[in-house]
Amino acid sequence: MNWLRDVSRAVRRKKHVSSTQQPSILVRCLSTADLSFVGIGCMLGSGVYILTGEVAAEMAGPAAIISFLIAGIVALFSALCYTECATRFPETGASYLYAYVSLGELIGFLIGWNAIIIRILAVSFVSRGWSAYFDNVIGARVFNFTMDVLLDGAEWEVPLVSSYPDILAGVVSLSATVLVALGTELSAKTGRVFVLINIVTVLMVIAVAFVYADYSHLVKHGGFAPMGYGGIIKGAAAGFAGYSGFEAIAFAAEEAKDPKKGLPISVGLSFVTAILVYMGGAFAITVLADWQNINAASPFVSAFEAVDAKWMSIVIAVGALCSMTGGLIACAYCFARAIFVMGRDGLIPAIFARTSTTSHTPTVATMFGGIISVIASIFVNFVALIEFLSLMIFVEFVIVAMACILMRYNPTRDHCGEERNIEHVVQEQKQRQTCNKELSGEINNDMTYQSDNDQHSTSSSTDVQAPRFASEEITPAEMDKRRQTVRATIEEQGQSCEYNKDLPAESEVNNHDVANGRSCNRFSASINNESIGELTPLLGSLPPTSSQILCQSEKKPGRLLWSSDNPVKTVLSSLMVFIVSTIVIVWIVSYKMEEIRGDNDVLTFVLMVAAMLAVTGCVPLFMLKQYTDEIPFKVPLMPFIPLLSIVSNIILMMRFEPLTWIELGVWTAIGLVVYFVYGIRHSKEAGTVPIIPNRYTQVSKTYS
């Protein structure tokens with residue numbers, strides 16, 4: 001069963017990421033304005049010219065304005081979770097990185113696997129929309145030429161395959177890919193131009209709409225909300241997809257000039273702009289025409305034709321094509337980074353992590369994803385895949401909300417989400433002691449620990465030791481300097497922790513026992529004059545930061561010992577209970593309410609139990625301490641907003657057909673095969689064997 005244990009450890013290993021900006025092969029060239037335009041371009045895309053019509057004509061009527069407002073607020077909950085994670089870990093990867101850090105390698109791989117296909121197919125989908133819109137403007141000449149010359153007038157009738165090869169869509173997709181490969185700064189500036197043209201166009205549409213507006217359209221045929229509250233919510237669920245491009249900003253974290261400040265500002269600007277644009281677009285079409293007469297496929301054109309303003313169709317066509325072009329560039333940028341970061345981590349072949357020496361972009365990953373998007377643009381029928389893509393996005397948002405909560409309650413500050421107490425340390429050190437001694441030679445220089453009565457006991461037994469490379473010497477003066485630094489850092493925390501000042505220098509110590517004392521996860525300290533343990537430097541590292549020193553005094557009275565000693569495991573268990581209970585509640589409310597109204601006692605009992613479990617699962621989240629030091633941006637009202645994000649996404653996920661879930665299962669199964677055949681063996685984390693992921697460790701042992 002050793003292989004099973006090894007596999008279990010491998011799938012749960014977590015990526016070690018620094019919270020500070022690290023040197024990268026990618027160039028930090030994106031300003032806050034660039035990040036904002038990347039987000040706006042990806043969020044608007046083709047949605048403002050198509051999605052507004054679908055929601056107004058088929059779901060909410062004039063109340064589409066409210067639907068887009070609700071959708072924007074709900075999407076903002078997810079965006080806040082992304083922003084906290086992105087500012088904490090300023091690297092590319094977005095949802096993949098956050099899942100890898102907090103939930104382990106297997107979950108991280110599957111999220112990254114989904115993120116790649118989502119962005120590649122998004123490029124293909126928008127390319128098809130661009131081609132269709134352009135072809136409609138020029139009188140369907142491209143379609144007619146393709147049918148007459150290539151297909152002899154006979155359309156294809158193959159499942160999941162388009163009725164005809166859309167060559168123009170393939171050219172558009174390839175063009176966006178090449179632009180992204182040429183350089184991040186170039187693609188960002190180009191995308192900014194297209195996004196600005198789109199925004200100006202929408203503003204012009206709204207201004208002209210005021211001139212031709214007939215406000216009586218807002219209350220005709222059933223009033224402002226003809227479909228009622230249900231129609232507004234249904235419209236919000238559809239409109240939510242229009243805001244899903246905000247994660248493009250998180251993908252750009254490693255290329256942002258100042259991610260800790262730029263990312264939160266750009267997310268805020270992007271959402272304000274997108275919400276106003278969507279609400280303005282919905283308002284424009286519903287005051288220009290009766291909502292029942294709106295053409296969902298081309299809402300703005302049909303609305304202006306209703307008021308004899310056909311000249312606006314040219315303006316709308318230019319704005320729509322520019323909007324989709326900006327979205328194409330942003331989506332191509334995202335899939336290139338998603339492929340690149342997984343190649344860099346070794347979960348897919350390392351060739352995908354190669355970058356150009358001139359453009360400093362991951363050209364191999366960009367062109368690989370571009371080729372797939374070109375093929376999909378030409379041949380794939382996206383009608384059958386739209387719900388599949390939406391479902392994967394909602395799953396991604398749930399995972400990121402979970403990751404945000406887990407990292408907020410993680411006290412270890414090792415940025416790998418791994419909770420290690422002294423027992424884990426001792427066990428791992430014993431397992432690796434032989435290997436360490438082969439590397440560094442016999443080491444018999446253990447640190448001395450002093451007990452309450454300042455007595456040192458000597459033992460002939462072999463203590464667990466923190467290895468140090470033989471080539472590195474630490475002088476007594478340097479050791480005393482480190483002790484003073486650690487002591488000063490603790491005092492800055494305002495704790496009553498104090499190191500024993502009478503400890504002998506390292507040169508005077510040899511194989512002394514560890515004094516009895518209490519350990520606090522990563523460190524043991526004396527609290528209110530209790531015995532304390534010295535910190536043993538690991539491989540001559542530097543002292544820890546103030547946020548890495550956690551004392552028992554942080555534990556508040558009255559908390560359950562098991563939860564306070566294991567906060568990450570406790571929070572993860574709570575989240576799982578909450579999510580499963582929420583799924584049961586949403587499923588019953590969505591599909592079984594008629595049976596409950598018919599006095600179905602079993603379903604009523606299940607609903608009540610699920611509600612109680614959902615509430616109970618949240619209790620530890622309000623009892624445990626949150627660790628907010630050194631987090632540049634914090635999600636407000638933690639954990640309410642991430643939990644609301646989880647609930648909102650689960651509600652949206654429940655509306656998908658069983659076939660969509662089967663498609664997701666098949667794609668996930670393919671990902672599992674790739675991971676267990678390649679990723680698990682080549683992961684960069686498999687090659688790291690740190691005894692402790694942080695700089696310092698304390699080894700504590702009690703002798704009777």
Side-chain angles (χ1 to χ4, degrees), residues 15-43 76 78-102 108 112 115 119 180 183-185 187-189 191-192 245-273 329-330 333-338 340-342 344-345 353 355 360-362 396 400-401 403-404 407-408 410 413-417 545 547 627-636:
K15 183 175 180 178
H16 298 76
V17 184
S18 174
S19 60
T20 58
Q21 292 183 207
Q22 300 295 316
S24 172
I25 192 65
L26 304 178
V27 179
R28 292 194 176 274
C29 58
L30 298 179
S31 64
T32 301
D34 293 327
L35 294 172
S36 300
F37 281 109
V38 167
I40 294 170
C42 208
M43 291 168 74
L76 183 60
S78 296
L80 292 174
C81 297
Y82 269 87
T83 305
E84 176 171 322
C85 295
T87 54
R88 175 177 279 196
F89 307 121
E91 293 187 9
T92 191
S95 54
Y96 154 77
L97 174 65
Y98 315 144
Y100 200 167
V101 168
S102 60
R119 275 75 195 182
V180 171
T184 300
E185 193 169 6
S187 61
K189 290 181 178 179
R192 179 190 296 190
F246 62 81
E247 63 272 17
I249 299 175
F251 275 104
E254 194 167 331
E255 293 167 276
K257 292 180 180 178
D258 187 1
K260 296 185 183 299
K261 292 182 179 179
L263 293 176
I265 295 174
S266 59
V267 168
L269 291 175
S270 299
F271 262 91
V272 169
T273 304
I329 296 172
Y333 174 86
C334 290
F335 76 61
R337 272 57 187 174
F340 162 77
V341 69
M342 293 187 70
R344 185 171 65 181
D345 291 339
T355 57
H360 298 285
T361 59
E396 182 177 304
V400 171
C404 183
M407 288 187 285
R408 180 70 76 89
N410 184 1
R413 290 301 189 207
D414 59 6
H415 303 296
C416 70
T545 62
S547 63
Y627 297 90
T628 58
D629 293 347
E630 301 176 4
I631 302 178
F633 176 84
K634 306 176 185 66
V635 174

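When a residue number appears, it is its place in the shown sequence, counting from 1.
- To the nearest 0.5 angstrom, Y98 atom OH is 8.0 Å from M407 atom CE.
- The ring pair (Phe, Tyr, Trp, His ring centres under 6.0 Å) check on Y333 picks up nothing, with sequence neighbours excluded.
- Remark: F246 engages Y82, F271, F397 in a ring pair (Phe, Tyr, Trp, His ring centres under 6.0 Å) (not counting sequence neighbours).
- Listed by chain and number, the residues in a side chain to side chain contact (heavy atoms under 4.5 Å, CB included) with C42 are A248, A330, C331 (sequence neighbours excluded).
- Here the closest non-hydrogen pair linking A256 and R28 is O-NH1, 2.9 Å.
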Evaluation steps, side chain to side chain contact (heavy atoms under 4.5 Å, CB included), between I25 and F340: CA-CA 11 Å; I25 192 65; F340 162 77; 4.0 Å; yes
Criterion side chain to side chain contact (heavy atoms under 4.5 Å, CB included) on Y100 and V17, from CA distance to verdict: CA-CA 10 Å; Y100 200 167; V17 184; over 6 Å; no
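- Within the 3.5 Å criterion, the main-chain N or O of V635 finds a donor-acceptor partner in the side chain of E84.
- For K189, the salt bridge (Lys or Arg N to Asp or Glu O under 4.0 Å) partners at least two apart in sequence or on another chain are E185.
- With rounding to the nearest 0.5 Å, the separation of CZ in R344 from OG1 in T355 is 10.0 Å.
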Quick one, T628 with R408, criterion side chain to side chain contact (heavy atoms under 4.5 Å, CB included). Give me CA distance, side-chain angles, the key distance, then yes/no. CA-CA 7 Å; T628 58; R408 180 70 76 89; 3.8 Å; yes
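- We find the CD-OG1 distance between E255 and T184 to be 4.0 Å, quoted to the nearest 0.5 Å.
- Between T92 atom OG1 and M342 atom CE the span is 12.5 Å, to the nearest 0.5 Å.
- With sequence neighbours excluded, the residues satisfying side chain to side chain donor-acceptor pair (under 3.5 Å) with T361 are S359.
- Qualifying side chain to side chain donor-acceptor pair (under 3.5 Å) partners for S95, counting only residues two or more places apart in sequence or in other chains: E396.
- Under the rule for a side chain to side chain contact (heavy atoms under 4.5 Å, CB included), the partners of V27 that lie at least two apart in sequence or sit in another chain are C29, H360.
- Put simply, the side chain of V400 does not reach to within 4.5 Å of the side chain of S78, judged on heavy atoms.
- To the nearest 0.5 Å, the span separating OG1 on T87 from NZ on K260 amounts to 6.5 Å.
- The two residues A253 and P259 have their closest heavy-atom pair at O-CB, 3.8 Å.
- Taking CZ from R119 and CZ from F251, the interatomic distance works out to 4.5 Å, rounded to the nearest 0.5 Å.
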Audit row: E91, K15, side chain to side chain contact (heavy atoms under 4.5 Å, CB included) steps and yes/no: CA-CA 12 Å; E91 293 187 9; K15 183 175 180 178; 3.9 Å; yes
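- Between A188 and L30 the shortest heavy-atom distance is CB-CD2, 3.7 Å.
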Going by atom type alone, with no hydrogens or angles, which donor-acceptor pairs under 3.5 Å involve a side-chain atom of residues 262-269 and a protein atom two or more places apart or on another chain?
residue: S266; atom: OG; partner: G262; partner atom: O; Å: 2.9
residue: S266; atom: OG; partner: L263; partner atom: O; Å: 2.9

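- Between R337 and E254, no side-chain nitrogen of the basic residue sits less than 4.0 Å from a carboxylate oxygen of the acidic one, so the salt-bridge criterion is not met.
- Under 3.5 Å, the side chains of Y96 and D345 contain a donor-acceptor pair of N or O atoms.
- Listed by chain and number, the residues in a side chain to side chain contact (heavy atoms under 4.5 Å, CB included) with S270 are S36, I40, M43, I249 (sequence neighbours excluded).
- Side-chain contact between V180 and I329: present, with at least one pair of heavy atoms (C-beta onward) separated by less than 4.5 Å.
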